[in-house]
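Note sheet for the following structure.
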There are 2 protein chains.
Amino acid sequence: MNLPLSQAPPEAPCEVLATRRRRKDARPSELTAAALALFVDKGFAATRLDDVAARAGVSKGTLYLYFSSKEALFKAVIEEGMVAVLAAAEEHLANHQGSAADLLRELLLGWWQQIGSTAMAGLTKLIVSESRNFPEMAQYYHDGVITRGRALLRRALERGVGSGEFRPLNVEAAVDVIMAPLLMLAISRFSLCLCGQQVAPEAYLETHLDLLIRGLQRTGAISERPSNEGMPCN
Amino acid sequence: MNLPLSQAPPEAPCEVLATRRRRKDARPSELTAAALALFVDKGFAATRLDDVAARAGVSKGTLYLYFSSKEALFKAVIEEGMVAVLAAAEEHLANHQGSAADLLRELLLGWWQQIGSTAMAGLTKLIVSESRNFPEMAQYYHDGVITRGRALLRRALERGVGSGEFRPLNVEAAVDVIMAPLLMLAISRFSLCLCGQQVAPEAYLETHLDLLIRGLQRTGAISERPSNEGMPCN
DNA sequence: TATATTACTGACCGATCAGTCATTATCTTT
DNA sequence: AAAGATAATGACTGATCGGTCAGTAATATA
């Protein structure tokens, strides 16, 4: 095969050849962090456990002290990522006031800050790539993350439609349409120059929100928010 | 490892145990078709060449008569897909009249018919998944498909903005924002229940177009097209 | 039917890599 | 300091799979 191996030198031992240490508590999270980075970069199948262990500053044998198999490691990576994701979701659920348009804006920009701009975004590509080979994993991610995110968006849209701020629309479809640019943004960050990387994420999100809120609002209802502020046309 | 192997029985020999045949001309396309199906389903690394050959009704040795390596087979799959994609792009380029909104509608629905609804859509997931491991492949796909598609959309948007039908906007960002739901639709078709699969593709696209065109048009310009026609709200 | 050509085969090889385990090094306890 | 406990190691194994090639059989030609 001879893959082009785009890897940087595998995590130079900055800890100046530290002698081996016994750190039972720290190992699991260090290993899942290393695994996340490599899985996201090279994909699940192409990632060698030797490399994961090396990146975590440990031998492969040690990895097997904490995870019973490569798949178990994968599950742990997903599960650990979930925690932050769900916490962010809770945060968004808590405080929602003002117009539906502002709520929508807050939700999408919050997603970017909490997830999209972090390493967590890599999970999106990982799941997309591997879901067919790990159906129960995909199901878990779907139920725990996607469904939850959809529920947030759906609520925001329904509130806007109910109050008359937004016009009637197919809410279920709109939820997916609204999420898609976010997911693609996350994916493109971990997938060499496919789409969207020429445009800065902020401008991308701002354009999405701008188009979206105008598209949602009742005809005639002029946005009271100063639109196009600081956004160059072309 | 012991992957769950979601495979159906690997292409039961419908050709009733046909004795071996010499069909030099037909082999390459049969092999790339088999490879596309398996690559899209299981990913590149997890696909075995024995399975590709078996699915094409041939032995692995025969595969190597036509393709020098697994990666060469991958390239051929992409390249073969390209032909149809570029043909469709040319078609869209040729005939464009009427309003910019109609052109946009025609472009997006055309994408669905020519690409999104076909097996070609699987290439999107394939590229997303494997681009890091095959940079030159990603580059080729980017230059040959993404850039071309973006150019089409950009032209449509610029026409609308130029004629005053659309309001001024960040065209580059808008192109990506508009493409994202299409790409996610393609991806979700080959990635177990991640997003968008609960909603029928037609309703999804219609909602996208509806939101989009309203979002693009100048405030006050009422769409002359009967919107919401046959689309249930919720 | 005999001969030549070549598409096709499948057993085989070598490299890779997930997973194992006997051994070693570190830390704790007394 | 000695002994016990266990975290960590890395050489090893067995299975998998990309890639090879000597041989086989289908077709063309005479």
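The chains referred to below are lettered A, B, ... by the order of the sequence lines, with proteins before strands, and numbering in each begins at 1.
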Going 5' to 3' through nucleotides 11-17 of chain C and flagging B where a protein heavy-atom sits under 4.0 Å of the base, S where only the sugar-phosphate is that close, and - otherwise, we get ------S

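Remark: C1' of D:dC17 and CD of B:E71 are 16 Å apart, rounded to the nearest angstrom. When the P atom of D:dA28 is taken as reference, atom NZ of B:K24 falls 14 Å away, rounded to whole Å. Taking atom OH on A:Y64 and atom P on C:dC21, their separation rounds to 13 Å, with Å as the unit. Atoms CZ (B:R27) and C1' (C:dA7) sit 8 Å apart, rounded to a whole Å. Taking atom CZ of residue A:F44 and atom C1' of nucleotide C:dA18, one finds them 10 Å apart after rounding to whole Å. The separation between A:L65 atom CG and D:dG10 atom P is 13 Å, rounded to whole Å. Separating the CZ atom of B:F74 from the P atom of D:dG18 is a distance of 14 Å, rounded to the nearest angstrom. B:D25 has its CG atom 14 Å from the P atom of C:dT6, to the nearest Å.
Note: A:F39 and A:F44 have tilted aromatic rings, judged against thresholds of 30 and 60 degrees for the angle between ring planes.
Contact check for A:F190 versus A:T124: no side-chain heavy atoms found under the 4.5 Å cut-off. Proximity of B:R132 to A:S191: side-chain heavy atoms (C-beta onward) are nowhere separated by under 4.5 Å. No side-chain heavy atom of B:I78 sits less than 4.5 Å from a side-chain heavy atom of B:K75. By the 4.5 Å heavy-atom criterion applied to side chains, A:L209 and A:L109 are counted as neighbours.
The main-chain N or O of A:K125 is found under 3.5 Å from a side-chain atom of A:S129 such that the two form a donor-acceptor pair. No side-chain donor-acceptor contact under 3.5 Å links A:H208 to the backbone of A:L108.
When ring centroids are compared, B:F67 and B:F74 stay outside the 6.0 Å threshold.
Checking the phosphate oxygens (OP1, OP2) of D:dT9, a side-chain nitrogen or oxygen of A:S59 falls inside 4.0 Å. For the OP1/OP2 pair of C:dT9 and a distance below 4.0 Å, the side-chain nitrogens and oxygens of B:T62 include at least one atom meeting the criterion.
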Can you check nucleotides 26-29 of chain C for protein contacts, nitrogen or oxygen pairs under 3.5 Å, and list what you find?
unit_1	atom_1	unit_2	atom_2	d
C:dT26	OP1	A:T19	OG1	2.6
C:dT26	O2	A:R22	NH1	2.0

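Counting non-hydrogen atoms under 4.0 angstrom, A:Y66 reaches the backbone sugars and phosphates but no base. Residue A:S69 is in sugar-phosphate contact alone, with no base atom involved, counting any heavy-atom pair closer than 4.0 Å across all strands shown.
Taking the side chain of B:R23 as heavy atoms from C-beta on, and the options C:dG19, D:dT9, C:dC8, the nearest nucleotide is C:dC8.
Between the OG1 atom in A:T147 and the CZ atom in A:R154 there is a gap of 8.5 Å [rounded to 0.5 Å].
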